[in-house]
Every structure is written in C-alpha cells, then in structure tokens.
Enquirer: 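Sharing a structure here in structure tokens format.
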Amino acid sequence: MKGHWEFSLRRFWTMVIKEFIQMRRDRVTFGMMIGIPLLQLVLFGFVINSDPKHLPAAVLLADRGPHGRTLLGAIRNSGYFDFVREARTEAEAQEMLARGEVQFVVSIPENFTRSLLRGDRPAVLVEADATDPAATGNAVGALRTLIDAALSNDLKGPLAFLAPTVGPVDLRIHAMYNPEAITQYNIVPGLMGVVLTMTMVMITALAITRERERGTMENLLAMPAHPAEVLVGKIVPYILVGYVQVSLILVVARALFHVPMAGSLPLLFAVSLVFIVANLAMGIMFSTVAANQLQAVQMAFFFFLPSMLLSGFMFPFRGMPQWAQAIGEVLPLTHFLRIVRGILLKGNGFPEVIRQLWQIAVFAAVALAIGIKRYRQTLD
Amino acid sequence: MADDLAIDVRGMTKRFGGRTAVDHVDLQVREGEICGFLGPNGSGKTTFIRMLCGLLQADEGSGTCLGRDVIQDSEAIKRQVGYMTQKFSFWEDLSIRENLDFVARMYFVKDRKEVVRESLDRLGLTKRKDQLAGQLSGGWKQRLALAACMIHRPKLLLLDEPTAGVDPRARREFWEEIHELAGQGLTFLITTHYMDEAERCHRLAFILNGKLLTHGRVDEVIEQGHLTTWSVSGPNLLNLAAQLRGRPGVEQAVAFGSVLHVSGSDPAALEQAVAPFRTREREWRQIESGLEDVFIHFMDASKGGGTP
C-alpha cells in the first residue's frame, strides 16, 4: 500500500495552530461551548429536583378538633406539602386529585379527636397521585415518622398513655455525604461530566466531516500529513476548551450552589484530562465514520443519550437492571461521575480515583485507535 | 523509460462500484511540458489526477510519477506534487496569509516567512493578506489556490480546471505564468474545457468515458480527427444549418458569429451534401478544422460506443 512515515511534531503543531485559528473565528460555536455549561447549570441546578417539595395538597377536614389541626400543621411543616385547597366532600377531593390540581389529599375523619382520645387509633387517610412515584415517594416516606412525632407533643401528661410506644429497635437513618439530601450536591458535580460529554463529543464529531464537506479534506489529503497528526492536532485545542468548562462549572458550583469541595481540586483537574480526551477521541471516531455533519451530530446524540440515562446522572445507578448497569460501566461518564462526586463530596484521593480512571483511559485509547485506523488517507 | 518523463503511467484504472471511471489510461508527460487534459464532464479527468497524487488508490495500473512508483510511493510523490483541486479547497475561515503559512509549514518549507511574503507579493495580495480567503472573489481564490499549491516548489503541478469562472484577462496572465514556469522546468497537467487554453498546451490528451481517445500535439490531434470543415457565410444561416443537419455526410453545422462551420469525416459525402446549397449569395470556403470541431466529432463518434 502506501509508504508510512514518522509522526512529525512540526506538522502536528501546524494542525494545532490551524484549529486554534479556526476555533477563534467560529464565534457562535465558541459561544455555545461557554453557553451550554451555563444553561445546563441553570436547568439542572435550579429546575431539576429529585426530592421535590411543596407539593400541592388538599385537605378534607371532617373534624375540627385540636389534634387534627396539630397533625396538619406538622404535615405542612415538613415542607413536602402545601395545603392549597380544602375539600368539603370526599367526591370533591377525588375530583381535585383526578384533575391534577393537587397531588395529595389528606383526610382527617369525623370524630378524629374523640377517637384519638379514646385510644381507638383513628385512621388518617392520605391519598397520593402516584403517577410519578419519584415525585411523591419522599413525601409519603416522610409522613409516617412525621405523624408519630407530631402528636407526641399533644399526648403528654394525662394523655401520655396514648403516645406510641417505642419500638424494640431504635432505627436511625443517617444520610451520609449529603445529610440534608440537597439534590444540587449530586447534580451539579455530575453536570461537569454531562457538559463535557455533550460538547466535546459533538465538536470533534464535526471536525473531520466539516473538512470533508467543505472540500478542504481533499487538500489536506494531498499534503504529506500523518493521520495521527491531523486527528491529535484537532483534539488538542478542545482540551483547553474542556478545561474552561470545568473551571466555569466549579466556580458556579461553589458560588451559586455552595457545593462542598472536600477533596483536592488539582487532582480533579488532572483526572479531567483523561475524561476530556476520552470524549474527544469518541467524537473523532464518529467523525471518521460519519459521511456528513448531520450524521456526525446524530451519532453524537446516540452516544449522549445512554451517557445521560445509564451513567447514574439522571437515575440511581444501582436502581437499574443488570444489563443496563453493564452498559453503564462501559461509558466514561459513569466513571467520571463517581470520580467527581467522590472528590468533591467524599474527599476521595488518588487511590480511590484510579480505580475508575483507568477504565476511562482504556475507553479513550480504544476510541482513538479506531479513529486513526478508520481515518481514510484516500478519498476512496 | 527515458528519465525526462515526469509522468509515465500505463493501464491506470479506477472503478467505483460497477462503473469504470478511468479505463486503462496510458499517459506520458515530459518534464517541462504543459499537457492539456481534455474531456467532457464526468469523463474521468479528476479521478485520473487523484490517482496520480495518491488521493485515490488505483485498481490497476503501474508506472512512475517524478521517478517514483505511482502505486507504492504515493507519500513521496505527494511531497513533490502541487495539486489544485477543481473546487476551492483552502480554508475559507483562515486569512490569505494563514492559508499560505499553513501549507508552507506542512511541507517544511525552508525560510517559510520569506517564502510566504514573496508569494503574497507575487500574487499582489500583500495588502489584503489578512483578509479571510472566503471573502475573495472567484478569480482571486484561483490565484490564491495556485500560489498555495506552488509554495513548496513542486516539480509537477496537477491543476484541475484552474481557470473555471476566471475572467479573460486573469486567464491570460495565468497562462503566461504557466508558460514561464514550464520554461523553468516545471511540468503541468491541466484540465480545461476552454479550447483556446487547449491550444496553448504543448500536448493534449483527450479522455472520454474513462478511455484515452487521443494524445499528441494540437496539430496531431486535429490531424487524427480526419475532419473536413467548410465555412459558409451569407443570409439566413440559421435556416441553412437546420437544413444541413441530418443530411448524410454532415456531422456538425455550428454557427460561429456570422459564419457557419459545416464538418464531416467523409470529404466526398460532405461535398455532396452541401452541393445543393452552394448558391450565389453564399460564400463557401474549405477551412482547417478547429480543435473544438474535432473534439465534438470525437464525442459524437464514440456515442455509438455506449455513451450514457
């Protein structure tokens, strides 16, 4: 076939310079690379909440006694429920639920106070719209402990015998690393990986196809250029862009969301390099496979979706079926999420990080190898 | 073969799927020669050139380009060949200077900055060197492309329709420069659709449907056409052309301004066909066939042979 020759640092550097100039000229793309992280931070940081509170609830109050009021007050104070409506009849409450005006109906039955004082353990009915279990799950979970605790203040003195007895085991649940269960602490560091995946794969997926579509590929191929010089030359400028994004997200995470940073930031910056290169290599590989820019974008999305859904960013990794976890283990984002959350929230050091990092490195090497192999040196 | 051949290839063949784009083409071009490469659109000119500079792998064929094996040694050939693509293929989002600089760096040109500056001077683009290449007009783009593909001082230039869409003055200047460079020993293979340009080449190669139909100096090519041409002037030539076309012996009846050229490959049959129209008010003259007449004749002649 054709005579192969040495990789030349000079030609490689020439490619890097060219890519930098072109990147600088493409203001819109450049802006997007800063805009996407900001937009995602706002969307995911402020909008998405896996522990939703202030859910609209209605109350059906058939007993006006003091203990019913105490109970409602406690439920409201949990923060999960906002009592926005009061239903007069059972049918009206049902209708509100069906129309989606409220997500919960709390019914205090007739003679609640009297039954309670008599020790009859009156029923409190909470009806939840469970079409979105994630939205109501935590709220319902909070209810049980809340009701016991709420009445303990009322049931003192002569009424103390009515207070619930202490169970045989004192069960304490202690939420580690994020005791207040603040969603942002989990989401915002994860966003770093998501943003990098989204922009880095996309931008390099376009790199080769753009040359091909504009006809400049023919020119590049007619020059004595090694595939690795061209491909790596196209990757390097975007590593810098990746670091701008990482820094941006870290600043916003700290300033806006007060995400704790328990571990070493230099370590995080260092390991980010491997993840950035992995995504750029993936994009370059798509670029050598795609026939045009549209296909390249589609492929980037094809990679982005499983990365979002199966990496543990959107849904708890352990909650997925085995096969989905197996796919997730291949994706660089899965490992990077563990690394970022580990460093920022748990204060992990290098020994913990390297267990995830090598898997990203393997992914990067394979993707880049396929890319270089597939890079066509001819127009065939 | 003699070592003064810049291009010496035989049996070059390229197939795309079931279609044979270039079909066993032999071509020899001497050093310092300007070879015009002619043929209608889609005849395989570009494919042939791409095979020469290693952009496409030949399915069959052998030979040398600048003394290097055209199949095995395409990387070495690339370093000594300048290839100007049909479509502008430099970076429109780089400035003129940045484009030249990029190319010079890729070829490890010595005294790069000086060479780039000289090149800009010769182009007359020194003042506009920071303008983006994409903002140049068609003619300037062509000149930039030519300058860029010559910056590493190649020995062989493959120019694919270098003057398409360029105004006559710029075309003339372009050809003067080509001749000057050829005088210095550079070899050119130039594709063109313009007959006046073809006539300015030392040698011509005519390719049709991937096959080389004829190859030689301009007069040789015209000779090989074996065409007889009459020129007629007088009133109502349009009508006359319509009447002549389709008569046995008449292959072409084409208006050239105020005269009509009537050609055919059988002189006797042609004479018989035009005889009834040789009236007093028309002036008939037998002339030498032009290149264009010959080429159209070749194209028509090969139509029976399966032109799509």
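Chain naming here is simple, since letters A, B, ... match the order of the sequence lines and numbering starts at 1 in each.
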Enquirer: Please say whether more than 12 non-hydrogen atoms of neighbouring residues, nucleotides or ligands are located less than 6.0 Å from CE in B/Met150.
Expert: yes
Enquirer: For A/Glu218 and B/Arg50, what are the C-alpha separation, side-chain angles and deciding distance, and is it a salt bridge (charged side-chain N to carboxylate O under 4.0 Å, His left out)?
Expert: CA-CA 9 Å; A/Glu218 194 175 354; B/Arg50 283 175 174 175; 2.8 Å; yes
Enquirer: Non-hydrogen atoms of chain A under 4.5 Å away: do they reach the side chain of B/Phe88, the backbone, both or neither?
Expert: backbone
Enquirer: In terms of heavy-atom contacts, does CZ of B/Arg153 have more than 12 from other residues, nucleotides or ligands at under 6.0 Å?
Expert: no
Enquirer: Kindly give the heavy-atom pair with the smallest separation between B/Ser89 and A/Gly215, and that separation in Å.
Expert: CB-O, 3.2 Å
Enquirer: Do you know which two heavy atoms are closest between B/Tyr107 and A/Ala222, and how far apart they sit?
Expert: OH-O, 3.5 Å
Enquirer: Determine, for A/Arg25 against B/Glu98, whether the closest basic-nitrogen to carboxylate-oxygen distance falls under 4.0 angstrom.
Expert: yes
Enquirer: More than 12 foreign heavy atoms under 6.0 Å from CZ of A/Phe302: is that the case here?
Expert: no
Enquirer: Are A/Arg214 and B/Asp93 close enough for a salt bridge, meaning some N to O gap below 4.0 Å?
Expert: yes
Enquirer: Measure B/Leu132 against the heavy atoms of chain A and call it side chain, backbone, both or neither at under 4.5 Å.
Expert: side chain
Enquirer: Restricting to pairs with a member in residues 58-68 of chain B, which pass salt bridge (Lys or Arg N to Asp or Glu O under 4.0 Å), not counting sequence neighbours?
Expert: B/Arg15-B/Glu60, B/Arg68-B/Asp73
Enquirer: Ignoring hydrogens and angles, tell me if any N or O in the side chain of A/Lys18 forms a donor-acceptor pair with the backbone of B/Trp91 under 3.5 Å.
Expert: no
Enquirer: Taking the side chain as everything from C-beta on, heavy atoms only, tell me whether B/Phe102 gets closer than 4.5 Å to A/Met15.
Expert: yes
Enquirer: Mind listing the closest non-hydrogen atom pair of B/Leu94 and A/Gln22 along with its distance?
Expert: CD2-CG, 3.7 Å
